[in-house]
Amino acid sequence: MVDLTRRFDVLVIGGGNAALCAAISARRAGASVLVLEGAPKFYRGGNTRHTRNMRCAHDAATEILTGPYTEEEFWKDLLLVTGGQTDEELARFMIHESKDILNWIVEQGVRWQPSLGGTLSLGRTNSFFLGGGRAMLNALYRTAEELGVDILYDAEVIDLKIEDGMFLSAALKQPVGGRTEVRASTLVAAAGGFEANIEWLKQYWGEAADNFLIRGTPFNRGAILKMLLAKGVQEIGDPTQCHAVAIDARAPKFDGGIITRHDSVVFGIVVNRHAERFYDEGEDIWPKRYAIWGRLVAAQPDQIAYIIFDSSVVTSFMPTLFPPIAGATIAELAGKLTLDPAALEKTITEFNAAVQPGTFDHTILDDCRTEGITPPKTHWARRIETPPYLAYPVRPGITFTYLGTRVNRQARMLMKDGKPSANMFAAGEIMAGNVLGKGYAAGMGMTIGSVFGRVAGREAARNARN
């Protein structure tokens, strides 16, 4: 039983990777720590439950990574996916700190497996959790509990008492119409973004947000973020920017997870409900471009699109939970997708005619391309001509939002007047917009959470002692 009458050194709000890294880091620094997880115990961990890997810089090949991934290469990859919309000081700090996280996270009980090969192309850059995100979470929770971190589930925070940039207490909703004040010397906010709050999304996306699917937890509704911004914390990030991928349109509204994502885009073409292509499917290596497709589909009529390919490539990418829709002819496939058969046949005929001879290689930017059509397919272009013809319907799958709290290198929140908060820190999705102005590369969310979680916990403990 957690004693809520005592005053804790560090209060961590959230229950995912960032929150646990902060709690463990603070506890190892000698602080008393309380973690408030808003979800029930079975659903603890936010979006971390659905993750599988982390992107960290390293100078040489290891038992689990096939080669070096330098800080400078990581920085260039981040610049590429964000289009330069990143805080360079914080981003370079995160990248440098990520080198140590590979070992630190193992010290907290997490185990790695050899990176996956195939179309993911992550064997050199990303470390994969043995057992996936839930196993990683279980290891962190076990370590936190063994260290003496107090953890409370179903802990809905309904108010934060903040005066002149100083956190004083949090109000917890009680089961029977009451509330309990939780006091702590410092606060670490690690409660995620607002992606599961459809009404908040609609403020920026309009009615289109009704067609969005939420890949992760239904508990990330942005309540803590909204409280912090309302009480003087400086915001960072574009509210329309987010980690958004194309996921199967047959997925559930919430918590579909990684198995609803499609990695087949580069092996075919993508059309909207008018059976028209709308973007270059072969623009770049998949882990650097998969997270643009959610926003692309969101901009299409009715927020739906269709990945079209043929039977020659069905073993080339990772299968998903939902099987592809098949047709013996293009017209039959179009009918099953409720697309205009003549329009889809025209699009595919024109695409096939534009494909140029080349040597296909999904691991590099190969020379298989189109000529004479708009948009082009600049790499991995091959004719769609081997029946049966196949398709996946896809919708925008929102993972997490980028609007968040401004922080400095100590993970300390900055107030609207530019001054650092007296005792408030942030880690994970709630501050990811400092690093991710837009775009995404595989495994980066976990890097942000682990690095800034560890820093936030350490600095919060130091602050509490002083």
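These values consider heavy atoms only, across backbone and side chains, with no hydrogens, waters or symmetry-generated copies. Since we're looking at a predicted model, the values are computed, not measured.
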**Student:** Output every pair passing side-chain hydrogen bond (donor to acceptor under 3.5 Å, both in side chains) with a member in residues 412-425, not counting sequence neighbours, ordered by first then second residue.
**Tutor:**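 Every candidate side-chain hydrogen bond (donor to acceptor under 3.5 Å, both in side chains) pair involving residues 412-425 fails, so no pair, neighbours aside, qualifies.
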**Student:** Between Thr378 and Asp280, do the side chains contain an N or O donor and an N or O acceptor separated by less than 3.5 Å?
**Tutor:**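 A pair is found: one side chain offers a donor N or O, the other an acceptor, under 3.5 Å apart.
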**Student:** Is Asp255 salt-bridged to Arg49, going by a charged N under 4.0 Å from an acidic O?
**Tutor:**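 Salt bridge between Asp255 and Arg49, a charged N being under 4.0 Å from a carboxylate O: yes.
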**Student:** Which residue pairs pass the side-chain hydrogen bond (donor to acceptor under 3.5 Å, both in side chains) test when at least one of the two sits in residues 182-194, sequence neighbours left out?
**Tutor:**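 Of all non-adjacent pairs touching residues 182-194, those that pass side-chain hydrogen bond (donor to acceptor under 3.5 Å, both in side chains) are Arg7-Ser185.
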**Student:** Do we see a donor-acceptor contact under 3.5 Å between the side chains of Gln113 and Arg52?
**Tutor:**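 Per modelled atom types, Gln113 and Arg52 side chains form no pair under 3.5 Å.
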**Student:** Identify, with sequence neighbours excluded, every residue that meets side chain to side chain contact (heavy atoms under 4.5 Å, CB included) alongside Arg92.
**Tutor:**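 Arg92 satisfies side chain to side chain contact (heavy atoms under 4.5 Å, CB included) with Glu72, Trp75, Glu88 once adjacent residues are dropped.
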**Student:** Listing request: all salt bridge (charged side-chain N to carboxylate O under 4.0 Å, His left out) pairs with a residue in residues 137-152, at least two apart in sequence or in separate chains.
**Tutor:**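 Matches after skipping sequence neighbours: Arg6-Asp150.
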**Student:** If the condition is side chain to side chain donor-acceptor pair (under 3.5 Å), which residues does Arg462 pass it with, not counting sequence neighbours?
**Tutor:**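 Glu459.
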**Student:** Pairs under 3.5 angstrom only: tabulate donor-acceptor contacts from the side chains of residues 441-453 to other protein residues two or more places apart or in another chain.
**Tutor:**
| from | atom 1 | to | atom 2 | distance (Å) |
| --- | --- | --- | --- | --- |
| Thr447 | OG1 | Arg55 | N | 3.4 |
| Thr447 | OG1 | Arg55 | O | 2.6 |
| Thr447 | OG1 | Gly443 | O | 3.0 |
| Ser450 | OG | Asn17 | OD1 | 3.3 |
| Ser450 | OG | Asn17 | ND2 | 3.0 |
| Ser450 | OG | Met446 | O | 3.0 |

**Student:** Could you tell me which residues satisfy side chain to side chain donor-acceptor pair (under 3.5 Å) with His379, sequence neighbours excluded, listed by chain and number?
**Tutor:**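 So His379 forms no side chain to side chain donor-acceptor pair (under 3.5 Å) with any residue.
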**Student:** Determine whether the side chains of Thr143 and Gln108 contain a donor N or O and an acceptor N or O closer than 3.5 Å.
**Tutor:**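 The answer is no; no qualifying pair exists.
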**Student:** By salt bridge (charged side-chain N to carboxylate O under 4.0 Å, His left out), which residues pair with Glu283, not counting sequence neighbours?
**Tutor:**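 Salt bridge (charged side-chain N to carboxylate O under 4.0 Å, His left out) check on Glu283 returns Arg289.
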**Student:** Below 6.0 angstrom between ring centroids: does that apply to Phe128 and Trp112?
**Tutor:**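 Distance test on ring centres: not under 6.0 Å, no.
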**Student:** Salt bridge (charged side-chain N to carboxylate O under 4.0 Å, His left out): which pairs involve residues 38-47, sequence neighbours left out?
**Tutor:**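 Pairs touching residues 38-47 that pass the test: none.
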**Student:** Taking atom types as modelled, is there a side-chain donor on Asn47 or Glu195 under 3.5 Å from an acceptor on the other?
**Tutor:**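 Judged by distance alone, the side chains do pair up.
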**Student:** If the condition is side chain to side chain donor-acceptor pair (under 3.5 Å), which residues does Asn272 pass it with, not counting sequence neighbours?
**Tutor:**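 With neighbours one apart ignored, the set is Gln300.
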**Student:** Mind checking what makes side chain to side chain contact (heavy atoms under 4.5 Å, CB included) contact with Asp159, not counting sequence neighbours?
**Tutor:**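 Checked Asp159 against side chain to side chain contact (heavy atoms under 4.5 Å, CB included); matches are Ala171, Arg179, Lys231.
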**Student:** Taking only residues two or more places apart in sequence or in another chain, which ones pass side chain to side chain donor-acceptor pair (under 3.5 Å) with Asp77?
**Tutor:**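 Side chain to side chain donor-acceptor pair (under 3.5 Å) list for Asp77, sorted by chain: Tyr69, Lys288.
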**Student:** In this structure, which one of Phe309, Trp293, Tyr306 forms a ring-ring contact (aromatic ring centres under 6.0 Å, His included) with Tyr392?
**Tutor:**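 With Tyr392 as partner, Phe309, Trp293, Tyr306 yield a single ring-ring contact (aromatic ring centres under 6.0 Å, His included), made by Phe309.
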